[in-house]
Amino acid sequence: MSLPIFPAIHPDPGVTRRVLSDSPELMVVSFRFETGAEGKLHSHPHVQSTYVAAGRFAFFRDGITYQLKTGDSLVIPGGVEHGCRCLEAGELIDNFTPRRDDFLVAQPTTPATA
């Protein structure tokens, strides 16, 4: 059995988003950022955790700025305004609970088996 493969989406300049896995209760998403790219300030009802897999980021949560580097993580409660600016190209691995259905804009595909 093959796992679903979700397409890469480019929600903002210099940002690539790819759903890695999901269920109705939880979603894991990769966000790759070029240096200087931004995740614009926003909020949503989902609880979110972010883990810095690579790079450096200025992360804004509820009016407070955090400097995050590889290995750091942060939790954002639902409804709290947040965003980030990439200081050094890298990747964030975010978890959302419940799943962000708005990220499922395209149906996943499964790779062909040999």
Side-chain angles (χ1 to χ4, degrees):
M1 177 175 174
S2 296
L3 293 174
I5 297 174
F6 295 91
I9 305 293
H10 303 282
D12 291 304
V15 180
T16 301
R17 178 181 79 215
R18 183 183 303 269
V19 172
L20 301 177
S21 59
D22 80 298
S23 74
E25 301 82 16
L26 180 67
M27 176 179 268
V28 182
V29 181
S30 166
F31 288 90
R32 292 185 180 268
F33 285 80
E34 296 174 9
T35 300
E38 294 185 5
K40 294 182 173 79
L41 287 174
H42 66 286
S43 67
H44 45 72
H46 312 80
V47 175
Q48 175 182 344
S49 70
T50 190
Y51 171 77
V52 181
R56 288 187 319 109
F57 295 82
F59 211 93
F60 315 108
R61 182 184 73 182
D62 206 18
I64 300 171
T65 301
Y66 300 87
Q67 299 294 318
L68 301 179
K69 63 186 182 322
T70 301
D72 290 341
S73 63
L74 187 69
V75 171
I76 302 102
V80 171
E81 187 175 58
H82 61 282
C84 68
R85 182 173 55 255
C86 182
L87 305 174
E88 179 183 301
E91 180 181 23
L92 301 175
I93 302 296
D94 287 1
N95 295 282
F96 298 93
T97 183
R99 168 178 65 201
R100 292 278 310 256
D101 288 339
D102 56 317
F103 284 2
L104 300 176
V105 294
Q107 292 296 316
T109 58
T110 51
T113 56

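Everything numeric here is computed off the predicted structure, so don't read it as measured data. Values below: all heavy atoms of this structure, side chains included; hydrogens, waters and symmetry mates excluded.
Under a hydrophobic-cluster definition in which Ile, Leu, Val, Met, Phe, Trp and Tyr are linked whenever side-chain heavy atoms come within less than 4.5 Å, directly or via other members, Leu41 and Leu68 are assigned to different clusters. A continuous path of Ile, Leu, Val, Met, Phe, Trp and Tyr side chains, each step under 4.5 Å between heavy atoms, connects Ile64 with Val52, placing both in one hydrophobic cluster.
More than 12 non-hydrogen atoms from other residues, nucleotides or ligands lie less than 6.0 angstrom from CZ of Arg17. For CZ of Arg85, the number of neighbouring non-hydrogen atoms (other residues, nucleotides, ligands) closer than 6.0 Å is 12 at most.
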Side chains of residues 70-83: which donor-acceptor partners sit under 3.5 Å, not counting sequence neighbours?
residue : atom : partner : partner atom : Å
Thr70   : OG1  : Gly55   : N            : 3.2
Thr70   : OG1  : Gly55   : O            : 3.4
Asp72   : OD2  : Lys69   : N            : 2.9
His82   : ND1  : His42   : O            : 3.4
His82   : ND1  : Val80   : O            : 2.8
His82   : NE2  : His42   : NE2          : 3.1
His82   : NE2  : His44   : NE2          : 3.4
His82   : NE2  : Gln48   : OE1          : 3.0

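Nearest heavy atom pair, residue Thr97 against residue Glu25, reads OG1-O, 2.7 Å. Counting all heavy atoms, side chain and backbone alike, Arg99 lies closest to Asp22 at NH1-OD2, 2.8 Å. Of all heavy-atom pairs between Ala37 and Val15, the closest is CB-CG2, 3.9 Å. Here the closest heavy-atom approach between residue Phe33 and residue Gly39 is recorded as CE2-N, 3.8 Å. Considering every non-hydrogen atom in both Phe59 and Cys84, the closest pair reads CD1-CB, 3.4 Å. Taking both residues in full, the closest heavy atoms of Glu91 and Phe57 are given as N-CZ, 4.1 Å, listed atom of the first, atom of the second, then distance.
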Go through it in stages, so that I can follow the logic: the residues are Arg100 and Val29, the test is side-chain contact (heavy atoms from CB on, under 4.5 Å), and I'd like the CA-CA distance, side-chain angles, deciding distance and then a yes or no.
CA-CA 10 Å; Arg100 292 278 310 256; Val29 181; over 6 Å; no
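Applying the side chain to side chain contact (heavy atoms under 4.5 Å, CB included) test between Met27 and each of Leu20, Leu104, Asp101 identifies Leu104 as the sole match.
Applying the salt bridge (Lys or Arg N to Asp or Glu O under 4.0 Å) rule to Glu88 yields the partners Arg56; only residues at least two apart in sequence or on another chain are considered.
The closest side-chain heavy-atom distance from Phe103 to Phe6 is not below 4.5 Å.
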